[in-house]
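Following: one structure in structure tokens, then a few remarks.
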Amino acid sequence: MQTATQQEKPHLIDRMGIPRPLLWGFVGLLLFMIGDGVEAGYLAPYLEGQGQSSTRVALLFTIYGVAVSISSWLSGPLSDLWGPKKVMWAGLWIWGVFEVLFLLLGLQPNNYQMMMVAYTARGLGYPLFAYGFLVWIAAATPARQLGSAAGWFWFAFSGGLPTLGSLFASFAIPRIGEMGTFWSSLILVMAGGLVALLFTREPRGMQRLSPPDVTLKQAMFGSISIIWREPKTLVAGIVRTINTSSEYAFLVIMPGVFTKLVGFSLEQWLQLLSIVFLSNIIFNLLSGVMADKLGPRTVVAIGGGLGAAISVPLFYYVPLSFTHNFPIAAAMGVLYGASLASFVPLSGLMPQVCPREKAAALSILGLGAGASTWVGPAIVTWFEGWRGVEGVIWIFSGLYVVSALLTLMITVSPEARAQIRKDELNEAQADREAAMHAVGNQ
């Protein structure tokens with residue numbers, strides 16, 4: 001007969017920081033994001049090779065990013081109303097249907113108008129899937145484990161987009177061609193989505209999170225009104241926007257820099273991109289550990305804000321000074337990827353800032369993450385003609401300094417801390433009762 005103490009001993013998966021009931025969700029998310037990231041490093045040069053101007057390509061990415069930002073925000077209130085799992089199903093099918101239309105009616109005939117329509121609509125898909133799962137994590141994970149769980153979420157997210165996605169593309173393109181590689185991304189996305197949704201059966205994600213009397217209008221308004229009811233969420237949303245805005249800008253401008261000026265082949269650029277974000281996914285986990293020791297604000301402000309302010313110009317200037325030198329470019333890329341990963345503790349911090357409205361708080365972070373997908377390319381569109389790529393680099397460096405200063409404003413109030421302690425006591429009591437009940441039934 002097992003004792004209650006033995007019954008409560010954490011599983012290896014839990015000790016790693018992964019909520020065990022959500023394990024297959026993390027696996028499926030990784031596969032989904034690998035598929036979503038396949039095109040990340042070569043869609044822009046492919047379109048330019050088909051005769052589309054760099055301005056039109058940047059505009060396509062910008063409008064796509066607007067759709068992503070809207071969908072990222074919607075993932076919070078819709079998860080409250082429908083349950084995260086239904087939101088993830090919606091995201092999966094939106095991605096699949098409009099990817100087929102994008103490839104058949106837009107990319108293959110080189111029809112820019114259809115590309116714009118289908119690619120923009122497809123942009124509604126991945127945020128519903130990915131950020132719906134992030135809300136599921138926040139709903140089903142104890143507060144003491146949220147930081148690590150957020151780290152694993154971003155490990156899976158950025159492990160696919162663009163790390164392993166770009167690495168997959170670098171090997172697939174020479175073997176099955178560029179169009180064949182685009183089609184393979186659809187297979188990976190659908191496989192990942194089905195793994196996550198068919199094998200994850202944690203009950204809280206399968207049900208409505210908000211009270212029964214909350215209407216659609218109230219849920220939508222609540223996910224926006226939290227900005228002025230708790231202004232720290234707005235600050236965090238701005239920081240999150242700055243976080244990956246350079247990443248999406250670099251997907252537009254850096255292929256040309258590295259293939260035309262530094263002297264790399266397209267395959268070398270894709271492999272470099274994979275190294276950058278391999279560093280990113282490793283430091284996603286390490287930044288969560290460091291946040292537990294040093295505090296999330298310290299990690300985000302110093303490692304993220306100030307770190308990226310330094311690493312962005314290094315990633316541009318150093319490879320230009322040592323052309324055709326892949327190891328040096330990779331070293332600079334590792335620093336850049338690590339600095340972006342240092343923003344990860346924001347996802348664990350926001351549910352603590354607003355413990356009563358976790359989904360609403362995360363929806364603002366999702367809005368910021370989505371906004372970065374169009375803010376980055378928009379900065380390229382607006383400012384590249386002013387001072388070229390070099391001017392864009394210094395704009396991002398300055399924005400990261402601003403993000404470091406803003407992060408210092410994101411604090412957890414005494415009232416929020418009291419609510420967190422109350423929730424943890426309630427969770428511990430529920431765990432003890434469940435363990436005693438299990439022992440009693442043996």
Checklist line | Heavy-atom neighbours of Arg229 CZ exceed 12 at 6.0 Å | finding: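 More than 12 heavy atoms, drawn from other residues, nucleotides or ligands, come within 6.0 Å of this atom.
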Next item on the list: Inspect the surroundings of NZ in Lys86 and state if more than 12 heavy atoms from other residues, nucleotides or ligands are less than 6.0 Å away.
Entry: no
Note to self: Tell me which pairs pass ring-ring contact (aromatic ring centres under 6.0 Å, His included) where either residue lies in residues 39-60, with sequence neighbours left out.
What the structure shows: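 Qualifying pairs: Tyr42-Phe182, Tyr46-Phe182.
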Notebook entry, point to check: What closest approach, in Å, do Ile226 and Ala361 show between heavy atoms, and which atom pair accounts for it?
Noted result: CD1-N, 3.8 Å
Item checked: Non-hydrogen atoms of Ser71 and Gly123 that approach each other most closely -> CB-O, 4.3 Å
Next item on the list: Go through the structure and list residues passing ring pair (Phe, Tyr, Trp, His ring centres under 6.0 Å) with Trp228, not counting sequence neighbours.
Entry: Phe221
Next item on the list: Under the ring pair (Phe, Tyr, Trp, His ring centres under 6.0 Å) rule, collect the residues that match up with Trp24, sequence neighbours excluded.
Entry: Phe199
Item checked: Pair Ser246-Tyr336, side chain to side chain contact (heavy atoms under 4.5 Å, CB included): steps then yes or no -> CA-CA 10 Å; Ser246 66; Tyr336 172 63; 2.6 Å; yes
Next item on the list: Could you list all the salt bridge (charged side-chain N to carboxylate O under 4.0 Å, His left out) pairs where at least one residue sits in residues 90-115, not counting sequence neighbours?
Entry: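 Pairs touching residues 90-115 that pass the test: Glu99-Arg122.
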Donor-acceptor pair, [X] side chain versus [Y] backbone, under 3.5 Å?
| X | Y | answer |
| --- | --- | --- |
| Glu230 | Thr233 | no |
| Ser397 | Trp394 | no |
| Ser287 | Ala341 | yes |
| Ser274 | Leu270 | yes |
| Thr241 | Gly368 | yes |
| Tyr112 | Arg56 | yes |
| Tyr64 | Ala121 | no |
| Tyr400 | Ile242 | yes |
| Thr215 | Gln218 | yes |

Next item on the list: Using the test side-chain hydrogen bond (donor to acceptor under 3.5 Å, both in side chains), find all partners of Tyr119 that sit at least two apart in sequence or belong to another chain.
Entry: Glu39
Item checked: Residue pair Tyr131, Leu365: steps toward the side chain to side chain contact (heavy atoms under 4.5 Å, CB included) verdict -> CA-CA 10 Å; Tyr131 299 129; Leu365 272 193; over 6 Å; no
Any heavy-atom pair between the side chains of [Y] and [X] that's under 4.5 Å?
| X | Y | answer |
| --- | --- | --- |
| Val334 | Ile275 | yes |
| Leu272 | Met254 | no |
| Asn110 | Gln52 | yes |
| Trp136 | Thr200 | yes |

Item checked: Pi-cation contact, Trp154 with Arg240 (under 6.0 Å, within 45°) ->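 Relative to the ring axis of Trp154, which defines the angle, Arg240 lies inside both limits.
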Next item on the list: With sequence neighbours left out, write down each residue that passes salt bridge (Lys or Arg N to Asp or Glu O under 4.0 Å) with Arg208, or none if nothing qualifies.
Entry: none
Note to self: Just to verify, which of Tyr126, Phe133, Trp152 counts as forming a side chain to side chain contact (heavy atoms under 4.5 Å, CB included) with Phe157?
What the structure shows: Tyr126
Check: So Val117 and Phe98, side chain to side chain contact (heavy atoms under 4.5 Å, CB included) or not? Walk me through it.
Finding: CA-CA 9 Å; Val117 172; Phe98 286 102; 6.0 Å; no
Next item on the list: Walk me through it: do Leu92 and Leu128 pass the test side chain to side chain contact (heavy atoms under 4.5 Å, CB included)?
Entry: CA-CA 8 Å; Leu92 176 63; Leu128 292 178; over 6 Å; no
Next item on the list: Could you tell me how the ring of Trp89 sits relative to the ring of Trp93: parallel (under 30°), tilted (30 to 60°) or perpendicular (over 60°)?
Entry: parallel
Note to self: Ring centroids only, cut at 6.0 angstrom: are Phe258 and Phe315 within range, meaning strictly under it?
What the structure shows: yes
